[in-house]
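Quick notes on the structure that follows.
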Amino acid sequence: MLRLSLLLATGLLVLTAAAQDKPKIKQVPPSRTDPASGQQMFRAYCSPCHGLLGTGDGPAAPALKNKPVNLTQLSVRNGGKFPALKVYNTIQGDTMVPAHGSKDMPVWGDVFRSMTRNEAEAKMRINNLTRYVESIQGGK
Ligand code: HEC
């Protein structure tokens with residue numbers, strides 16, 4: 001849990017995979033990405049847990065207490081409508097999704113703000129990530 005908090009406070013992770021262990025999560029500074037590219041940001045920041053295709057099976061998933069959500073099924077699970085605001089708020093860290101922190105342990109919103117010191121760019125990043133997650137909805 002401590003490791004996870006550190007990770008979430010800083011932003012990104014790598015896996016130190018000793019063959020016999022469960023993967024471990026390590027914090028590293030968030031890499032630079034293009035704020036206009038939801039896909040590039042998703043690959044850098046989300047795929048370690050949610051998987052490259054967003055299906056919830058990233059390499060860090062086994063190290064987590066909670067299984068990362070299959071992000072391609074959000075519309076299906078929401079009666080066919082993409083829950084854009086909820087996704088935006090989850091990424092920003094305003095909703096209480098445990099692995100995404102709480103009010104006491106904020107996540108991407110703060111990470112993006114600390115990366116850029118630019119509120120507008122941080123919002124643009126969250127917006128484009130939300131749109132990207134919308135674009136990978138399957139089974140509509
Ligand atoms: C450290 C691993 C990890 C990373 C990195 C991560 N997530 Fe998550 N995410 C989770 C877990 C675990 C859950 C499920 C939490 C729970 O138990 O409710 C989740 C849930 C979510 C949800 C809520 C889905 C729902 O059911 O409404 C969204 C949206 C989401 N993640 C998007 C993202 C995006 C976008 C990124 C990249 C900016 C990201 N996540 C990065 C682990 C992660």
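Sequential numbering from 1 along the given sequence is applied to the chain's residues. As the structure lists them, so they are numbered: ligands from 1, and atoms in each ligand from 1.
- Here is the list of ligand 1 atoms found below 4.0 Å of a heavy atom in Ile91: 35 (C).
- Short contacts between ligand 1 and Arg77, defined as distances under 4.0 Å to a heavy atom of the residue, involve ligand atoms 25 (C), 26 (O).
- Looking at Leu74 and Val69, their side chains come closer than 4.5 Å, going by heavy atoms from C-beta outward.
- Applying the salt bridge (charged side-chain N to carboxylate O under 4.0 Å, His left out) definition to pairs two or more places apart or across chains, those involving residues 120-132 are Glu119-Lys123, Glu121-Arg125.
- The proximity of Lys86 to ligand 1, defined as any non-hydrogen pair under 4.0 Å, is limited to the side chain.
- Atoms of ligand 1 lying under 4.0 Å from any heavy atom of Lys67, numbered from 1 in the order shown and given with element: 12 (C), 14 (C).
- Residue Cys46 does not count as close to atom 8 (Fe) of ligand 1, with no N, O or S atom under 2.8 Å.
- Atoms of ligand 1 found under 4.0 Å from any heavy atom of Leu129, numbered from 1 in the order shown, are 38 (C).
- Side-chain contact check for Leu53 versus Thr72: every heavy-atom pair is 4.5 Å or farther apart.
- Counting only non-hydrogen atoms, the option in Met41, Arg43, His50, Gln92 that gets closest to atom 8 (Fe) of ligand 1 is His50.
- At least one heavy atom of Pro68 sits closer than 4.0 Å to an atom of ligand 1.
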Acceptor/donor pairs from residues 35-44 side chains to any protein atom, 3.5 angstrom cut, sequence neighbours excluded:
from: Ser37; atom 1: OG; to: Gln40; atom 2: N; distance (Å): 3.0
from: Gln40; atom 1: OE1; to: Asp34; atom 2: N; distance (Å): 2.8

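- Taking every non-hydrogen atom of Leu74 and a distance limit under 4.0 Å, the qualifying atoms of ligand 1 come out as 24 (C), 25 (C).
- Neither the backbone nor the side chain of Thr130 has a heavy atom within less than 4.0 Å of ligand 1.
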